[in-house]
Trainee: 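This structure is in structure tokens; I'll ask about it shortly.
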Amino acid sequence: MTTLLVIGLDGHESGDRVLEYGKRMANLIKDCELLLVYVVEWSPYSFQTAEENAVRHKRREEEISTAMERVVDPAVASLKAAGVAARDIVRHGDVADILNDIAKEEKAEQIIVGRTSSSRIRSRFFGSSTSNLVMNASVPVTVIG
């Protein structure tokens, strides 16, 4: 049975470290697939006109396309070139919720994410995606510094 690891990408330098760790785990496990997930943070709490919603939808599609082109496609290609089975998903929403939902849907063994730097004050007041994921995930979470 193939082991599935969910890899959370964010387009930052920490994503490179997460990919390297995921690749190392896949090579150790042998029968392993990496599911690269990029989440475009998007608030569902918005009340707009029909025109604004049309523009918003178009912007969402553009963001997905940009994420695929700049981050996800190159990462998947790099893993496949190294002999690692990989596929991808790009979604909009809350990072922690989406990663956890995908891990449950796909029956993943683990989620691997990077720690991004943010101010302590901001994290204390608003929380962070990584902290929320670690506290609420239904599978083990590995955080790469």
Side-chain angles (χ1 to χ4, degrees), residues 1-48 53 55-145:
M1 184 167 149
T2 301
T3 299
L4 180 68
L5 304 177
V6 171
I7 306 291
L9 295 179
D10 63 2
H12 294 104
E13 183 181 309
S14 60
D16 294 336
R17 293 189 301 272
V18 172
L19 282 174
E20 282 305 311
Y21 182 81
K23 185 177 4 176
R24 192 166 79 237
M25 290 297 98
N27 287 326
L28 288 171
I29 295 168
K30 302 292 184 218
D31 188 13
C32 184
E33 180 182 34
L34 302 182
L35 176 56
L36 280 56
V37 180
Y38 187 100
V39 180
V40 178
E41 289 193 79
W42 197 266
S43 172
Y45 307 108
S46 184
F47 302 97
Q48 301 173 333
N53 282 334
V55 169
R56 186 176 194 210
H57 177 73
K58 182 179 180 199
R59 198 168 84 216
R60 285 177 64 166
E61 297 304 313
E62 289 169 353
E63 287 177 343
I64 287 174
S65 178
T66 299
M68 292 296 292
E69 181 182 314
R70 293 184 183 171
V71 179
V72 180
D73 288 344
V76 170
S78 154
L79 290 169
K80 286 183 176 182
V84 176
R87 59 188 168 98
D88 58 71
I89 295 176
V90 177
R91 293 208 181 142
H92 279 91
D94 177 79
V95 174
D97 289 344
I98 296 290
L99 287 172
N100 191 45
D101 289 347
I102 288 172
K104 286 191 288 189
E105 290 165 14
E106 297 281 341
K107 297 178 178 48
E109 291 294 322
Q110 184 178 166
I111 300 169
I112 304 170
V113 295
R115 179 178 50 92
T116 57
S117 59
S118 70
S119 77
R120 278 196 226 172
I121 293 173
R122 183 171 179 235
S123 292
R124 196 169 281 156
F125 284 111
F126 302 108
S128 76
S129 296
T130 302
S131 297
N132 290 335
L133 181 63
V134 168
M135 290 187 294
N136 299 305
S138 56
V139 299
V141 177
T142 299
V143 181
I144 307 302

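Quick caveat, the model's predicted, so the values are computed rather than measured.
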Trainee: Can you name the closest pair of heavy atoms from Tyr38 and Val72 and give their distance?
Mentor: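 Smallest heavy-atom distance, with atoms named: CB-CG2, 3.6 Å.
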Trainee: Do Ile29 and Leu5 have side chains that approach each other closer than 4.5 Å (heavy atoms only, starting at C-beta)?
Mentor: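 Ile29 vs Leu5: side chains touch.
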Trainee: What are the two closest non-hydrogen atoms of Gly114 and Thr130, and how far apart are they?
Mentor: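 Taking every non-hydrogen atom into account, O-OG1, 3.6 Å.
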Trainee: Answer yes or no: is there a side-chain heavy-atom contact under 4.5 Å between Leu19 and Ser78?
Mentor: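 They are not in side-chain contact.
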Trainee: Working to the nearest 0.5 Å, report the span between CD1 of Ile102 and NZ of Lys107.
Mentor: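 Rounded to the nearest 0.5 Å, the CD1-NZ separation comes out at 14.0 Å.
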Trainee: Between CD of Glu33 and CG of Leu79, what distance do you get to the nearest 0.5 Å?
Mentor: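 Reported value, rounded in 0.5 Å steps: 11.0 Å.
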Trainee: Might you work through the side-chain contact (heavy atoms from CB on, under 4.5 Å) test for Ile144 and Ile112, ending with a clear yes or no?
Mentor: CA-CA 7 Å; Ile144 307 302; Ile112 304 170; 3.9 Å; yes
Trainee: Without swapping roles, check the side chain of Asn100 against the backbone of Ala96 for a donor-acceptor pair under 3.5 Å.
Mentor: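 Absent.
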Trainee: Listed by chain and number, what are the side chain to side chain contact (heavy atoms under 4.5 Å, CB included) partners of Thr66, not counting sequence neighbours?
Mentor: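 Partners of Thr66 under the side chain to side chain contact (heavy atoms under 4.5 Å, CB included) test: Arg70.
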Trainee: Please step through side-chain contact (heavy atoms from CB on, under 4.5 Å) for the pair Asp88 and Leu35, ending with a clear verdict.
Mentor: CA-CA 5 Å; Asp88 58 71; Leu35 176 56; 5.6 Å; no
Trainee: Backbone N or O of Asn27 within a donor-acceptor pair of the Lys30 side chain at under 3.5 Å?
Mentor: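 Yes, Lys30 side chain to Asn27 backbone: donor-acceptor pair under 3.5 Å.
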Trainee: Mind listing the closest non-hydrogen atom pair of Lys104 and Ser138 along with its distance?
Mentor: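 Reported closest heavy-atom pair: CG-OG, 2.9 Å.
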Trainee: Minimum heavy-atom separation for Ile7 to Gly22, with atom names?
Mentor: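 Looks like CD1-CA, 4.0 Å.
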Trainee: For Ser129 and Val95, work out which heavy atoms get closest and say how close.
Mentor: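 Smallest heavy-atom distance, with atoms named: OG-CB, 3.6 Å.
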Trainee: Salt-bridged, Arg91 to Glu41, with N to O below 4.0 Å?
Mentor: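 No, no charged N to carboxylate O under 4.0 Å.
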Trainee: Within this structure, what is the CG-CG distance for the pair Leu9 and Leu36, rounded to the nearest 0.5 Å?
Mentor: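 Between Leu9 CG and Leu36 CG, I get 4.5 Å after rounding to 0.5 Å.
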Trainee: What verdict does the side-chain contact (heavy atoms from CB on, under 4.5 Å) test give for Leu4 and Arg87, after you've listed the backbone C-alpha separation in whole Å, the side-chain angles of each residue and the deciding distance to 0.1 Å?
Mentor: CA-CA 11 Å; Leu4 180 68; Arg87 59 188 168 98; 4.2 Å; yes
Trainee: What verdict does the salt bridge (Lys or Arg N to Asp or Glu O under 4.0 Å) test give for Glu63 and Arg60, after you've listed the backbone C-alpha separation in whole Å, the side-chain angles of each residue and the deciding distance to 0.1 Å?
Mentor: CA-CA 5 Å; Glu63 287 177 343; Arg60 285 177 64 166; over 6 Å; no
Trainee: Quick check: do Thr142 and Gln110 have side-chain heavy atoms less than 4.5 Å from each other?
Mentor: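 Yes; the side chains approach each other to less than 4.5 Å.
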Trainee: What do the steps show when you test Leu34 against Val76 for side-chain contact (heavy atoms from CB on, under 4.5 Å), and what is the final call?
Mentor: CA-CA 9 Å; Leu34 302 182; Val76 170; over 6 Å; no
Trainee: Do His92 and Val39 come close enough that some side-chain heavy atom pair is under 4.5 Å?
Mentor: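 Of all side-chain heavy-atom pairs linking Val39 with His92, none is under 4.5 Å.
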Trainee: Taking all heavy atoms of Glu109 and all of Val139, pick out the closest pair and write down the distance.
Mentor: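 Minimum heavy-atom separation between Glu109 and Val139: O-CB, 3.9 Å.
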Trainee: Can you find a heavy atom in the side chain of Val143 that is under 4.5 Å from one in the side chain of Val134?
Mentor: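 Yes, side chains in contact.
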Trainee: Do Asp31 and Thr3 make a side-chain contact, defined as non-hydrogen atoms from C-beta onward lying under 4.5 Å apart?
Mentor: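 No, every pair of side-chain atoms sits at 4.5 Å or beyond.
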Trainee: For residues Ile89 and Ile98, determine if any side-chain heavy atom of one lies less than 4.5 Å from a side-chain heavy atom of the other.
Mentor: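 No. Closest side-chain heavy atoms not under 4.5 Å.
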Trainee: Under the salt bridge (Lys or Arg N to Asp or Glu O under 4.0 Å) test against Glu20, which residue among Arg17, Arg24, Lys23 passes?
Mentor: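 It is Lys23; the other options fail the test.
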